[in-house]
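Input: a single structure, listed below in structure tokens.
One-based numbering, in listed order, for ligands and for the atoms of each.
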Amino acid sequence: MTLPAIECRNLNKIWNAQSHAPLQTLKDVSFCVGRGELNVLLGPSGCGKSTLLYLIAGLDEPSSGQLLCDGEPLQGPSPERGMIFQEAALYPWLNILDNVGFGLSLQGIGKAARNAKAMELLEAVGLQPFWDKKPSELSGGMRQRAAMARALCMNPKVLMMDEPFAALDIQTRSKMQDYLIALWQRSQASILLVTHSIEEAIGLADNILVFTSRPGRIKTQIKVELPRPRNPRDPAFHQLQDHLADLMADEVNRAFAEQESAHF
Ligand SMILES: Nc1ncnc2c1ncn2[C@@H]1O[C@H](COP(=O)(O)OP(=O)(O)O)[C@@H](O)[C@H]1O
Ligand SMILES: [Mg+2]
């Protein structure tokens, strides 16, 4: 049996644990990300999704519980676990070819090999004709495509994406999802993507982990077995959308009620 790429066992995270106002953000979170799988974390705002990605990225430590990467305890950040945020973090002074190949240059890989690999990935996201443009010359969607190419250029075992398409308009978003699937399918990477969009979760995921409102717990896991490319007009897509909307509505209502009682 192959080990999961990531395994979370009974993770808890309490922010400001020593203060007079500790904040339990994650509670007993247990799940596995199988090798090569695309998992989506879906949950209301503030439930701890970004916190969980931070822990898996090794940027912070859980208050209790275990985090394993390929069966070994996870220790700090590693280039094997890449991360992409809502705003593409590209170097403004480099063209996109050099941005995509930047990580390889840090590994001492020569210019010819690095450019060949970077160009291949730019082609996969439709950016090859723009290879010599600076990030400021590109649209937001193009920048985010370059950021995905850059992350996958490093052949990470795991790629984490924190609401990567949330700042883009709806048409661009749906194209971005196609590019992501194309890049992922040619890589060996496992992906853990955070979104609060039900449609995005169904469009992308092998497996959807639905979170409760804070403290975030896994409410349910749903395997999505619809064939790719997924069609939002497919009745099975709609059915799943309704089911997830019901699950999410309970959580959003709970989170609102909590916020309002805290303020009044
Ligand atoms: N570094 C931090 N220190 C203290 N509290 C934090 C920190 N990061 C996040 N939080 C709190 O943890 C809760 C969950 O935040 P977050 O993980 O960003 O949620 P989500 O990504 O699901 O919207 C929020 O109440 C937030 O204020
Ligand atoms: Mg977040």
>> Suppose I only count heavy atoms of Lys49 and a 4.0 Å limit; which atoms of ligand 1 are within that range?
In response: 17 (O), 19 (O), 20 (P), 21 (O), 22 (O), 23 (O)
> If you group Ile, Leu, Val, Met, Phe, Trp and Tyr by side-chain heavy-atom gaps below 4.5 Å, do Tyr54 and Leu52 land in one group?
Replying inline: yes
> What atoms in ligand 1 come closer than 4.0 Å to a heavy atom of Arg214?
Replying inline: 13 (C), 25 (O)
> Does Arg35 pair with Glu37 as a salt bridge, N-O distance under 4.0 Å?
Replying inline: no
> Where is the nearest protein heavy atom to atom 19 (O) of ligand 1: which residue, which atom, and how far?
Replying inline: Gly48 N, 3.2 Å
> Is it true that Asp28 and Arg217 have a side-chain N and a carboxylate O under 4.0 angstrom from each other?
Replying inline: no
> With a distance cut-off below 6.0 Å to the six-membered ring centre and an angular limit of 45° from the axis, does Arg150 pair with Tyr91 as a cation-pi contact?
Replying inline: yes
> More than 12 non-hydrogen atoms from neighbouring residues, nucleotides or ligands closer than 6.0 Å to CD on Glu137, yes or no?
Replying inline: yes
>> Can you tell me if Gly43 contacts ligand 1 (heavy atom of the residue under 4.0 Å from the ligand)?
In response: no
>> For ligand 1, which is the ligand I care about here, please tell me if Asn16 has any N or O atom under 3.5 Å from one of the ligand's N or O atoms.
In response: no
> Of the protein's non-hydrogen atoms, which lies at the shortest distance from atom 18 (O) of ligand 1, and what is that distance?
Replying inline: Ser50 CB, 3.7 Å
> How far is atom 20 (P) of ligand 1 from its nearest protein heavy atom, and which residue and atom is that?
Replying inline: Gly46 N, 3.5 Å
>> Looking at Trp15, I'd like to know if the NZ or CZ of Lys13 sits under 6.0 Å from its six-membered ring centre while staying within 45 degrees of the ring's axis.
In response: yes
> At a non-hydrogen distance cut-off of under 4.0 Å, which region of Thr51 contacts ligand 1 (side chain, backbone, both, or neither)?
Replying inline: both
> Looking only at side chains, do Gln24 and Asn12 share a donor and an acceptor under 3.5 Å apart?
Replying inline: yes
> Are the side chains of Ile222 and Leu240 in touch, meaning some heavy atoms are under 4.5 Å apart?
Replying inline: yes
Only pairs under 3.5 Å count here: list side-chain donor-acceptor contacts from residues 40-49, not counting sequence neighbours, and write none if there are none.
from: Lys49; atom 1: NZ; to: Gly43; atom 2: O; distance (Å): 3.0
from: Lys49; atom 1: NZ; to: Pro44; atom 2: O; distance (Å): 3.0

>> Holding to ring pair (Phe, Tyr, Trp, His ring centres under 6.0 Å), I want the full list of residues that pass it with Phe85, two or more places apart in sequence or in another chain.
In response: none
> Relative to the heavy atoms of Leu23, which atoms of ligand 1 are at a distance of less than 4.0 Å?
Replying inline: 11 (C), 12 (O), 25 (O)
> Around the Mg ion (ligand 2), how many protein N, O or S atoms are there at under 2.8 Å?
Replying inline: 1
> Just which atoms of ligand 1 are under 4.0 Å from any heavy atom in Ser45?
Replying inline: 23 (O)
> Which heavy atom of the protein is the closest neighbour of atom 10 (N) of ligand 1, given with residue, atom name and distance?
Replying inline: Trp15 NE1, 3.2 Å
>> Show me which atoms of ligand 1 lie under 4.0 Å from any heavy atom of Thr25.
In response: 12 (O), 13 (C), 14 (C)
> Which residues pass the side-chain hydrogen bond (donor to acceptor under 3.5 Å, both in side chains) test with Arg173, sequence neighbours left out?
Replying inline: Glu200
>> Salt bridge or not between Asp98 and Arg114? Use side-chain N to carboxylate O under 4.0 Å.
In response: no
